[in-house]
Amino acid sequence: MTEKGEKAKALAAEGANIVSILFNGLAFLFILAGMCLLLYQAWGFVSGNGWTSVSAADLLYWLGVPPPASSELTAVNFIGSILVVAPLALLLIVTGWICSQISDVIERLS
């Protein structure tokens, strides 16, 4: 009986490790994308074209998702309208940091 419990515990720990690795990979990709976008924006400033501003609304437009409607002001629409105006590079880096923190929590639990 204890052998089955130990096997189940080992399988659960292995699954948690895989999920932790996936969140670490997502964190790396989000932070890398945010840094690349920040460098792209800075390159426009250095090359004399001016600072290229890319917001989350641009990402929504590229993905074909309409921005949140502001006709009815709810808490979700209010937060969504603030996030849409935020710089995309900052949102990507913060999302990467959050994924890293989730990975750390899962790793501690396993």
Side-chain angles (χ1 to χ4, degrees):
M1 192 70 130
T2 59
E3 212 172 285
K4 286 184 181 180
E6 290 174 9
K7 284 183 181 180
K9 193 181 282 189
L11 285 175
E14 187 66 31
N17 285 337
I18 291 172
V19 172
S20 175
I21 290 170
L22 288 175
F23 272 105
N24 262 337
L26 281 175
F28 177 74
L29 289 176
F30 278 124
I31 291 173
L32 182 68
M35 294 303 292
C36 288
L37 184 60
L38 192 61
L39 288 173
Y40 169 73
Q41 292 174 342
W43 175 253
F45 181 73
V46 172
S47 65
N49 296 330
W51 186 266
T52 307
S53 179
V54 181
S55 66
D58 296 328
L59 176 66
L60 291 177
Y61 176 73
W62 294 330
L63 295 176
V65 178
S70 61
S71 61
E72 185 178 320
L73 189 62
T74 61
V76 174
N77 284 346
F78 180 71
I79 292 171
S81 62
I82 290 174
L83 289 177
V84 165
V85 179
L88 183 58
L90 179 66
L91 284 178
L92 288 172
I93 291 171
V94 168
T95 305
W97 179 79
I98 290 171
C99 286
S100 172
Q101 297 304 312
I102 291 171
S103 172
D104 289 345
V105 168
I106 292 172
E107 189 174 338
R108 284 187 201 131
L109 291 176
S110 64

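Side-chain contact between V54 and L37: present, with at least one pair of heavy atoms (C-beta onward) separated by less than 4.5 Å.
I31 approaches I93 most closely through the heavy-atom pair CG1-O, 4.1 Å. Residues F23 and S103 share a closest heavy-atom pair of CB-CB, 3.7 Å. Across all their heavy atoms, G96 and A27 have their closest contact at O-CB, 3.1 Å.
A chain of hydrophobic side-chain contacts below 4.5 Å, direct or via other Ile, Leu, Val, Met, Phe, Trp or Tyr residues, connects Y40 to L59. Linking Ile, Leu, Val, Met, Phe, Trp and Tyr whenever their side-chain heavy atoms come within less than 4.5 Å puts I98 and V19 in one cluster. Under the 4.5 Å side-chain heavy-atom criterion for Ile, Leu, Val, Met, Phe, Trp and Tyr, I102 and V94 are members of the same hydrophobic cluster. In the hydrophobic clustering of ILVMFWY residues, with side-chain heavy atoms under 4.5 Å counting as a link, F30 and W62 come out together. The hydrophobic clustering, which links ILVMFWY residues whose side-chain heavy atoms are closer than 4.5 Å, places V65 and L92 together.
Atom OG of S100 sits about 11.0 Å away from atom CG of L26, to the nearest 0.5 Å.
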